[in-house]
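Small disclaimer: the values here were computed from a predicted structure and weren't measured. Note that these values count all heavy atoms, side chains included, but never hydrogens, waters or copies made by symmetry. Throughout, residue positions are numbered sequentially from 1 according to the sequence presented.
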Amino acid sequence: MNNFFIILFHTYLTKLKTKSFLVTTILTAAILIGLTNIPRIVEFFDKDGEADKVAVIDSSGQLFESLQEQISASSDDIELILFTEGLEEAEQQVEEGEFTGVLELMLTADQLPAASYKSMSMADSMVVTELQLSLQQLKTMMASAQINLTQEQLAQLYEPVPFERAALEENAKTEEELNQARGLVYVLLFVIYFAVIMYASMIATEVATEKSSRVMEILISSVSPIKQMFAKIIGVGLLSLTQMAVFLLVGYVSIKQNLESMEGGFFEFFGFGNIPGATIAYGVIFFILGYFLYATLAAFLGSLVSRIEDVQQMITPMTLLVVAGFMIAMVGLSTPEAGFITVTSYIPFFTPMIMFLRVGMLNLPVWEIGLSIGILLGTIIILAIFGARVYRGGVLMYGKSNSFKDIKTALQLSKKK
């Protein structure tokens, strides 16, 4: 076992010290800090909190005050200023940066409001959208006045239809809980997806690197291939847990420092304000199981190639399996009870993401979760036994890779050894 731990810690420490790992960890941590500080960043670059000034030329002489009331009631980010010096002067001041844009108001033949808006570019859609919505509300009010509708009748006309939803299933999640779970599961699915691809590819590359440098021939004489494979898998697994721990620590500290500014909006929608402990626990379980499943697969695929350049080609089918599982999970976010989501959640290569999706969004019986984990564990064991045999012969194979035809050759070599 001493050789096993030597390879394990050598793999872990070697990868831990690489520039690519350190740069990736630092950059990702910086992105996490940036994401949790978005409110402060937006506030810093938002012209010191000043509202967008829009020059208004009211050709009708009666729309400005009503529009200003509508804007004031709906937004604090737009300030309307009545401009009386003509359109050309207003356009010039927009070019000089005095105003965000110029809005020209007029009446149609039906005595209803119409408008024309000019700005330096078409990129700022927020201001335009607010102006359009306010003008639409103003038009509705004026049109209702023309047909003698009272404010009470108008309010009754636009009052939403009473519509209540209730679940007959016992202990079913409320709509609010479901929306929170959807956001949280969405984020954790991305974590599982990228982590499985990145760390599994790292194992395949590590094996191919040692083969290309002929180090494998020395290792084979002192340590069995099976010990080598699992030492590398666990070593990279510890590396992934180290990196995830750094990300979680940085994210937790940053969120705690910005908790007040992150209340509501994006933060509330993604369910980070009240994270269920069970969802996090299942996320960790399926992440670890998914890692071991694809890491074992990647290890013996990496043993079939002799050049680093061939690694990506060899592991492409494995990557496509991960991508397929992720795409199915994305569809399942809106329909977690669909039949194909239920079926695919028991397919081992899709289970880590899709069953986690169902666990996070539905109240599943314990036996379903246990069954999926059992199938996944069984698949990992079978794949580990088969993968170890392929790895045992694969590490002795050199020369140009013939893709999956080499698996048969590797199995034959493993019997001779």
Side-chain angles (χ1 to χ4, degrees), residues 1 4-33 35-36 184-185 187-207 209 227-256 272 275-300 302 315 318-319 322 325-326 348-349 351-353 355-357 359-360 373 376-377 379-381 383-384 387:
M1 289 297 288
F4 173 85
F5 287 108
I6 289 173
I7 296 176
L8 189 157
F9 288 112
H10 177 266
T11 302
Y12 173 74
L13 293 174
T14 301
K15 290 293 181 183
L16 187 67
K17 295 175 182 178
T18 57
K19 290 183 179 179
S20 59
F21 176 81
L22 295 174
V23 170
T24 302
T25 304
I26 293 171
L27 283 178
T28 306
I31 291 172
L32 286 174
I33 294 173
L35 288 174
T36 52
L184 182 60
V185 168
V187 173
L188 292 180
L189 279 174
F190 266 100
V191 173
I192 294 173
Y193 170 70
F194 285 111
V196 166
I197 286 182
M198 182 170 65
Y199 297 122
S201 300
M202 191 182 294
I203 290 173
T205 304
E206 175 76 9
V207 175
T209 301
K227 287 184 179 180
Q228 286 181 49
M229 185 179 79
F230 285 103
K232 291 182 185 301
I233 290 173
I234 296 174
V236 176
L238 290 176
L239 185 74
S240 69
L241 292 177
T242 302
Q243 196 171 48
M244 289 296 171
V246 172
F247 296 158
L248 288 174
L249 181 62
V250 170
Y252 177 79
V253 172
S254 189
I255 286 174
K256 281 294 183 182
F272 297 144
I275 301 178
T279 304
I280 297 296
Y282 282 121
V284 172
I285 290 171
F286 283 110
F287 167 75
I288 293 174
L289 292 177
Y291 165 76
F292 275 104
L293 178 72
Y294 283 101
T296 307
L297 185 60
F300 82 76
I315 66 173
M318 180 195 75
T319 305
V322 182
F326 180 75
F349 292 103
T351 296
M353 284 181 280
M355 182 54 77
F356 171 64
L357 162 75
V359 169
I373 292 176
L376 188 54
L377 283 171
T379 305
I380 292 172
I381 292 171
L383 191 59

Subject >> Heavy-atom closest contact (P348 atom, T379 atom, distance) >> reply: CG-OG1, 3.1 Å

Original post:
Any sub-3.5 Å donor-acceptor pair from T14's side-chain atoms to T11's backbone N or O?
Top reply: no

Subject >> Pair listing, side-chain hydrogen bond (donor to acceptor under 3.5 Å, both in side chains) test, anchored in residues 19-33, at least two apart >> reply: T25-Q243

Original post:
To the nearest 0.5 Å, how far apart are CZ in F194 and OH in Y199?
Top reply: 12.5 Å

Subject >> I26 CD1 to F21 CZ distance, which is reported to the nearest 0.5 Å >> reply: 10.0 Å

Original post:
Which heavy atom in P352 sits nearest to a heavy atom in G290, and how many Å separate them?
Top reply: CG-CA, 3.5 Å

Subject >> Any donor-acceptor pair under 3.5 Å from Y291 side chain to G237 backbone >> reply: yes

Original post:
Is the number of heavy atoms from other residues, nucleotides or ligands under 6.0 Å of Y282 OH greater than 12?
Top reply: no

Original post:
Using the ring of each side chain (for Trp, its six-membered ring), is Y193 parallel, tilted or perpendicular to F190, with breaks at 30° and 60°?
Top reply: perpendicular

Original post:
How many angstroms lie between atom CG of L13 and atom CG of L239, to the nearest 0.5 angstrom?
Top reply: 9.5 Å

**OP:** For M353 and V322, work out which heavy atoms get closest and say how close.
**Re:** CE-O, 3.3 Å

**OP:** List the steps, then state whether side chain to side chain contact (heavy atoms under 4.5 Å, CB included) holds for T319 with Y294.
**Re:** CA-CA 9 Å; T319 305; Y294 283 101; over 6 Å; no

Original post:
Going from CE on M355 to CG on L289, what distance comes out if it is rounded to the nearest 0.5 angstrom?
Top reply: 12.0 Å

**OP:** Assess whether side chain to side chain contact (heavy atoms under 4.5 Å, CB included) is satisfied between F286 and I373, documenting all intermediate values.
**Re:** CA-CA 8 Å; F286 283 110; I373 292 176; 4.0 Å; yes

Original post:
Can you tell me how far the CD1 atom of I288 sits from the CG atom of L293, to the nearest 0.5 Å?
Top reply: 13.5 Å

Original post:
Are any of the side-chain heavy atoms of F292 and I234 separated by less than 4.5 Å?
Top reply: yes

**OP:** Search all heavy atoms of Y12 against all heavy atoms of G235 and return the closest pair with its distance.
**Re:** CD1-O, 3.7 Å

Original post:
If you measure from CD1 on I233 to CG on L238, what distance do you get to the nearest 0.5 Å?
Top reply: 12.0 Å

